[in-house]
Amino acid sequence: MKTFRSHIRSATLALAAAGLFASQAIAMPVVQPSVEQPVVLAANDCYAIGQQVAAQNGGTLAKASQATRGGQQVCVIVVLVPGKEGQRPRRSEIVVPLN
């Protein structure tokens, strides 16, 4: 009885190993992205617009969200501008049309 179990165990391990090697042999090759296709950000992305507005104002972008005001799509940008002489940063909210 003990030898029968050991033969079954050996056969099971051999079949599992063969299945593993066979699956690796027929696996699809990995496709790597090409460097020739750069990532392009859309011009009407509120986050990208917020980064530009923050850089123009000398602050850091705290929040950028899209909203509708007066029937027009706008980006609401919140910029934290450093305070003078070590004071707290000043919060500035800027509304930019989304085009």
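All residue numbers refer to positions in the sequence shown, counting from 1.
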Novice: For Cys46 and Ala64, work out which heavy atoms get closest and say how close.
Specialist: O-CB, 3.6 Å
Novice: Taking all non-hydrogen atoms of both residues, which atom of Ala67 and which atom of Val76 are closest, and how far apart?
Specialist: CB-CG2, 4.1 Å
Novice: What about Ile94 and Ile49, same hydrophobic cluster or not, with Ile/Leu/Val/Met/Phe/Trp/Tyr joined at side-chain heavy-atom distances under 4.5 Å?
Specialist: yes
Novice: Once side-chain hydrogen bond (donor to acceptor under 3.5 Å, both in side chains) is applied, what residue pairs with a partner in residues 67-80 remain, sequence neighbours excluded?
Specialist: Gln66-Gln73, Thr68-Gln73
Novice: Apply side-chain contact (heavy atoms from CB on, under 4.5 Å) to residues Ile77 and Val95 and explain how you reach the verdict.
Specialist: CA-CA 6 Å; Ile77 310 295; Val95 179; over 6 Å; no
Novice: Let's go through Val78 and Ser92 carefully: what are the C-alpha distance in whole Å and the side-chain angles of both, what is the deciding distance for side-chain contact (heavy atoms from CB on, under 4.5 Å) to 0.1 Å, and is it a yes or a no?
Specialist: CA-CA 6 Å; Val78 177; Ser92 177; over 6 Å; no
Novice: Suppose we screen for side chain to side chain contact (heavy atoms under 4.5 Å, CB included). Which residues come up paired with Gln51, at least two apart in sequence or across chains?
Specialist: Tyr47, Leu61
Novice: Run the side chain to side chain contact (heavy atoms under 4.5 Å, CB included) test against Thr60 and tell me which residues pass, sequence neighbours left out.
Specialist: Leu80
Novice: Among residues at least two apart in sequence or on other chains, which ones pass salt bridge (charged side-chain N to carboxylate O under 4.0 Å, His left out) with Arg90?
Specialist: none
Novice: Just to verify, what does Ala55 make a side chain to side chain contact (heavy atoms under 4.5 Å, CB included) with, not counting sequence neighbours?
Specialist: none
Novice: Would you say Val96 ends up clustered with Leu98 if hydrophobic residues are merged whenever their side chains have heavy atoms under 4.5 Å apart, either directly or through other cluster members?
Specialist: yes
Novice: Closest approach of Pro82 and Gly59, non-hydrogen atoms and distance?
Specialist: CD-CA, 4.1 Å
